[in-house]
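Report on the structure given below.
Atoms considered below: every heavy atom in the structure, side chains included; atoms not considered: hydrogens, waters and symmetry mates. Here is the naming used below: chain letters follow the sequence lines, and residue numbers restart at 1 for every chain.
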Protein chains: 2
Amino acid sequence: MQSPMPTLDPASSSGLPLYKEVKRQIVQALSVGEWKPGDMIPSEKQLCARFGVSIGTLRKAIDELVSENILVRHQGRGTFVAVHNRGPRLFRFFNLIDSDGQRTYPQLEIVGFSKGRADRTVAAKLGIAVGARTYRIATVRSIDGKPLLIEDITLSQALFPDLTAEKVHQRPSTLYNLYQVAYGINVVRIEEGVQACIAEGEHARRLGVEPGLPLLQVRRVAYSYNDQPVEYRVSHIDSRHHEYFRAVS
Amino acid sequence: MQSPMPTLDPASSSGLPLYKEVKRQIVQALSVGEWKPGDMIPSEKQLCARFGVSIGTLRKAIDELVSENILVRHQGRGTFVAVHNRGPRLFRFFNLIDSDGQRTYPQLEIVGFSKGRADRTVAAKLGIAVGARTYRIATVRSIDGKPLLIEDITLSQALFPDLTAEKVHQRPSTLYNLYQVAYGINVVRIEEGVQACIAEGEHARRLGVEPGLPLLQVRRVAYSYNDQPVEYRVSHIDSRHHEYFRAVS
DNA sequence: CCCAATTTGTTCGTATGTATA
DNA sequence: TTATACATACGAACAAATTGG
């Protein structure tokens with residue numbers, strides 16, 4: 001009357017706890033695109049059958065993925081792959097708040113697209129070889145027509161084959177959405193460093209500010225599932241009327 | 001053969017799920033100092049008996065507190081109240097990394113202590129009345145004798161009665177540790193906003209930099225259990241050789 | 001060094017409640 | 001209403017880590 005040998009044996013392949021192995025396989029399914037952002041994944045009962053584990057074990061795996069913002073559960077509806085770039089979530093990684101403490105959502109304009117090669121910094125951040133082919137995208141984000149933030153984005157050509165200025169300009173939504181629908185690449189996590197700098201030359205011109213103004217410089221690496229780096233982005237922000245926000249618990 | 005009525009009835013007092021009510025009571029015990037940071041709390045079996053819930057329900061409550069960094073579990077040893085200011089965790093909220101990407105731990109020096117009253121900003125941040133009595137503490141953090149970061153800290157006198165310059169100077173460890181051992185106040189979470197500014201006057205002098213240098217300005221509110229604000233801190237950082245780091249998942 | 005007791009970690013499963021379609 | 005799906009609550013059995021004798 002005891003349980004038969006499970007389909008996934010904890011000691012067999014990985015030595016990991018069973019629920020960690022289940023979690024790993026779910027992430028694997030996500031990263032190969034079996035389920036896409038917004039999709040409902042199979043019900044708990046179906047997943048239990050698929051992985052040969054009990055409901056409690058499956059829930060523990062899904063619990064962790066939910067806490068990592070990779071899955072979202074809705075009672076009575078199902079469990080879904082998290083969408084990171086729709087509606088207000090669009091600026092999930094862009095927490096600028098204005099003087100009243102309200103979140104703001106600037107408009108994005110693409111002002112440049114070119115091809116290049118990775119220098120040492122980019123190569124290290126993106127995990128590619130020095131000299132590997134890259135794209136460079138330049139943007140301006142504005143509120144009420146006033147430039148607020150400029151970005152210099154670097155992507156690996158290997159990860160985004162045949163990306164063109166047209167695709168970038170004609171994207172229906174955000175860049176992260178373009179990565180997702182056109183390349184199946186989902187940004188789920190970022191790391192960034194912040195420094196203060198002085199506006200000069202090109203940066204001052206694109207921001208429409210006088211040289212000498214203090215700016216925030218943010219260097220961000222965006223990651224997909226399995227800690228795969230997919231984008232390197234350097235931003236310069238006019239923070240006179242907006243501040244960069246964060247919470248740590 | 002069914003379970004008797006539990007000591008905590010989900011529908012009785014709060015309408016919350018049982019495990020949320022258990023969690024609330026544990027936080028309550030923490031905030032009144034029944035268990036202090038570093039203490040081992042009673043075993044799962046004991047807590048089940050105390051709250052009249054099953055092991056699964058108790059574990060779900062503790063799981064959430066662990067994920068919030070309020071408790072720490074050690075298999076075979078017990079469950080402990082998280083300590084937020086010991087050893088390397090000392091700078092848990094102070095993620096400055098140097099040019100090599102290494103975390104750095106500057107030395108702290110107290111350079112000022114005074115009494116004052118809350119202006120509108122401080123009152124709002126600390127949840128106290130405008131004009132309420134406060135303390136002001138000024139600090140400098142240095143690496144290799146080179147000032148890197150200055151802080152202006154504001155505390156409510158009501159929360160920290162009889163705080164003196166001597167206590168601040170003679171603290172054995174960090175300020176957060178002083179809050180903890182002398183007043184039973186534990187900082188478990190912070191929120192902060194970041195802007196760029198220009199070094200001038202007093203700030204430039206304390207940092208030992210020339211006026212005109214761009215600085216990071218960080219405004220932080222530190223919270224204890226139950227989202228109680230306990231400290232307001234404005235920092236100015238010379239970020240030329242160090243950057244402010246953050247990760248978002 | 002080993003053993004026993006304690007404590008948390010993992011896995012299993014059942015029953016019932018609540019939300020949604 | 002009914003069926004489905006997730007949420008909550010219960011608890012058993014065994015594994016793994018730690019501690020103290």
May I have the distance from [X] (atom [atom1]) to [N] (atom [atom2]), rounded to whole angstrom?
X: E44(A); N: dG13(C); atom1: CD; atom2: P; value: 15 Å
X: L47(A); N: dA5(D); atom1: CG; atom2: P; value: 11 Å
X: E64(A); N: dT11(C); atom1: CD; atom2: P; value: 11 Å

Need to verify one output field. Residue with the more 5' nearest nucleotide on DNA chain C, Y19(A) or K45(B)?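 In this pair, the answer is K45(B).
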
Proximity to the side chain of [X] - top-ranked nucleotide from [options]:
X: T57(B); options: dT8(D), dT11(C), dC10(D); result: dC10(D)
X: S54(A); options: dC12(C), dG11(D), dC6(D); result: dC12(C)
X: P17(A); options: dT10(C), dA5(D), dT8(D); result: dT10(C)

For Y179(A), what residues pass the ring-ring contact (aromatic ring centres under 6.0 Å, His included) criterion, not counting sequence neighbours? F160(A), Y176(A)

Sort and list the pairs that fulfil salt bridge (Lys or Arg N to Asp or Glu O under 4.0 Å) and have at least one residue in residues 167-179 of chain B, not counting sequence neighbours. none

Quick one: is dA7(D) close enough that its OP1 or OP2 comes under 4.0 Å of any side-chain N or O from R73(A)?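 Affirmative; the distance criterion is met.
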
K60(B) vs dA9(D): side-chain N/O to OP1/OP2 distance below 4.0 Å: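 Result: no.
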
Which pairs, protein N/O on one side and nucleotides 19-21 of chain C N/O on the other, fall under 3.5 Å?
none

Under 3.5 Å, side chain of Q46(A) to main-chain N/O of S43(A), donor-acceptor pair present? yes

